[in-house]
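Report on one structure; see the data block that follows.
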Amino acid sequence: MKIAVCVSHVPDTATKVKIGEDGKSIDPNGVTYVINPYDEYAVEEALKTKEKIGDDSEVIIITLGSDISKESIRKALAMGADKGVLLKEDNQRDSFGIAKALAEEIKSQGCELVFCGKQSVDYDNSIIGQLIAELLGYSCVTVVVELTIDVNKLTAEREIEGGKEIVESELPAVITTQKGLNEPRYASLKGIMTAKKKTIEEKPAVDSINLTEVLRMHLPPSKQTGRILGTDKSAVPELVKLLREEAKVL
Amino acid sequence: MANKILAVLEQRDGLLKRSAFETVSVANKLASELNLEAEAVVVGNEISNINDVGNYGISKVAHLKNAELVNYSSSGYRDAIVNYANEVDADYIMLANTSLGKDLAPRLAVKLGAGCLMDCVKLDTSSGDLTATRPVYAGKALVDVKFNSGKRVITIRPNVFKAQPSDNSSVDITVKEVSSPNLKTRVVEFKKSEGKLDVAEADIIVSGGRGMKGPENFYLIEELADSLGAAVGASRAVVDAGWRPHGEQVGQTGKTVSPSLYVACGISGAIQHLAGMSSSKYIVAINKDKDAPIFNIADYGIAGDVFDILPALTEEIKKVKQG
Ligand SMILES: Cc1cc2nc3c(=O)[nH]c(=O)nc-3n(C[C@H](O)[C@H](O)[C@H](O)COP(=O)(O)OP(=O)(O)OC[C@H]3O[C@@H](n4cnc5c(N)ncnc54)[C@H](O)[C@@H]3O)c2cc1C
Ligand SMILES: Nc1ncnc2c1ncn2[C@@H]1O[C@H](COP(=O)(O)O)[C@@H](O)[C@H]1O
């Protein structure tokens, strides 16, 4: 079976956001980019699935982005993925435009199982996996923390408010991964060396329309630094009074 | 005939959720500003409090009913709602950005040929068209976004928009039987988590971090939470250490919350933690290090020892709640 993993290359979560010159995106100066943290769970689960179902299966990393995104593809290859595809795009696309190009590539590669992260930590949409599934007519289970795949059937546990849902579905399918699903492996030295020899195919991302458009980016209003009411329990009565009378939250 | 906005209401165990009333209220407001007609739709089996939507000023509700849709089925819900949206020719679909809303909204969008904007915290129509604002980079920035598409799917962040009760309480509820639902993907079981209240749904959250020193001390957090009717949250450090279950983690890789009150105890305020809770209305920090970054976003703080302060705080809350 061919397994696709969609990987996005994103600013490190510790990034201090500054607005870029276009007023619509962040200033990339000084920003460290990393593989999207949730996508590491996706890569790991794809590798585990391959190990379970046997050697004729293949794990293909697909990324839409500019040249620098190759770093994240390399990282996934070093973890053990078989090959990478970079769909080149230097411009901003909306989620639909990204999903469209990824879905086309997944189709032409003939992948029946697709892993995405539950969310990219840049735009925080949590949407690409579902869009890909609908565009391809695949089943989809999101925010998965446990997964069992049988021949044509899958059982997944997904995290929701107040508990976990056990979901049954069929292949072909898209799974979006959440922390807790697995422990992503570290790339071994050997993995890193062999990754250098694996191919990253590059091709332009297929055209797509943007159904939504960013007009501007801005910073949240800065909060007034609050009051430190004291250093021990003698400050408690005042705190409770403020919560009641000023904040009115009690 | 005016264009339509369809509010998709979420139910669980046959009860409409609080977010359903928020969704109706926001759909109504948008309808009046953009000259649309607002309707609601809910998928499920028996829904005991369905009449309550009438208290939020919506006049028409379709209940798409089937015993097999008692639990969520992404394929079944999608098909039922898409069919209904096409039948009434809705231009806007609105859902709450809950687990269910996040799962379902993009699927409706693809099937309806609509653009999709997730997790909106502000909807502005002053230009005559809709501009939505949504947080990005875990709330470190916001973007104003517009649609280029005619059909539009929107999810709104729970707890940000308030449900607006209204006098108009006559509501026309139509039950439509869904014949042979598509159950290709379906929930076969729901495992309720041990905790009583989930952070994602709570109006008050008391969170503990590494400053609590060990899992055995979290009773202090639980007692304070009980006195406030709050949910218990945790930092990643304590979840990774195995002191608390993963479902309680607040932050970038945990849950994003925006309660009325967030009490952070022994939490330093790392940027990834702030990412998940900085949009809380009021933040209280208790940390013995007065320079901890959590104080930069707290409204009120006590720069002291949690073991000294928490028991006193619980006592004081109990006292004022009784009096
Ligand atoms: C990709 C990525 C994602 C992450 N996602 C998350 C996330 O979702 N959520 C999250 O929380 N973190 C996340 N983190 C981790 C984050 O960077 C911090 O490591 C973590 O939040 C620290 O937890 P803490 O505040 O409990 O512990 P610490 O940073 O160790 O802080 C403990 C605090 O307790 C105080 N303290 C100690 N003793 C006492 C006492 N007796 N009384 C009062 N105060 C006391 C100390 O002064 C200190 O400020 C993520 C990190 C990365 C790299
Ligand atoms: N540019 C991209 N290239 C490849 N995969 C992506 C890209 N953007 C998002 N994804 C995938 O979609 C998931 C969800 O992203 P999002 O919907 O943007 O939050 C990510 O975790 C990735 O698996």
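Every chain is numbered from 1 and lettered A, B, ... according to where its sequence line falls, protein lines coming before strand lines.
Looking at heavy atoms from C-beta onward, B/T256 lies out of side-chain contact with B/V250 at the 4.5 angstrom threshold.
Remark: the B/T253 side chain and the B/R236 side chain contain an N/O donor-acceptor pair separated by less than 3.5 Å. Using modelled atom types and a 3.5 Å distance limit, the side chains of A/S69 and A/H9 yield no donor-acceptor pair.
Contact of B/I271 with chain A is made through the side chain alone, with heavy-atom distances under 4.5 Å. Contacts between B/T133 and chain A at a heavy-atom distance below 4.5 Å involve the side chain alone, from C-beta outward. If you measure heavy-atom distances from B/V239 to chain A, the contacts under 4.5 Å come from the side chain alone. Contacts between B/T155 and chain A at a heavy-atom distance below 4.5 Å are absent for every atom of the residue. Looking at B/Q272, the atoms closer than 4.5 Å to chain A (heavy atoms on both sides) all sit in the side chain, from C-beta outward. With a 4.5 angstrom heavy-atom cutoff, B/L228 touches chain A only via side-chain atoms.
Taken from OH in A/Y38 to CD in B/Q252, the straight-line distance is 6.5 Å, to the nearest 0.5 Å.
With B/Y72 as the aromatic partner, B/R12 does not meet the cation-pi criteria of under 6.0 angstrom to the ring centre and within 45 degrees of the ring axis.
A salt bridge between B/E316 and B/K321 is absent, with no side-chain N of the basic residue lying under 4.0 Å from a carboxylate O of the acidic one.
Note: A/H218 leads A/Q130, A/E238, A/H218, A/K118 in heavy-atom pairs under 4.5 Å with chain B. The greatest number of non-hydrogen atom pairs below 4.5 Å with chain B, out of A/L219, A/V141, A/I127, is found for A/I127. Interface remark: of the candidates A/L250, A/T155, A/L239, A/V10, A/L239 forms the most heavy-atom pairs closer than 4.5 Å to chain B. Chain A forms more heavy-atom pairs under 4.5 Å with one residue of B/L310, B/D119, B/T98 than with any other, namely B/T98. Highest contact tally toward chain B, considering only A/I19, A/T176, A/L242, is held by A/L242 [criterion: heavy-atom pairs under 4.5 Å].
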Can you list, pair by pair, the side-chain donor-acceptor contacts under 3.5 Å of residues 277-284 of chain B, counting residues two or more places apart and other chains?
from   : atom 1 : to     : atom 2 : distance (Å)
B/S278 : OG     : B/L274 : O      : 3.2
B/S280 : OG     : B/M277 : O      : 2.6

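For the side-chain hydrogen bond (donor to acceptor under 3.5 Å, both in side chains) test, no residue two or more places apart in sequence or in another chain qualifies with B/K102.
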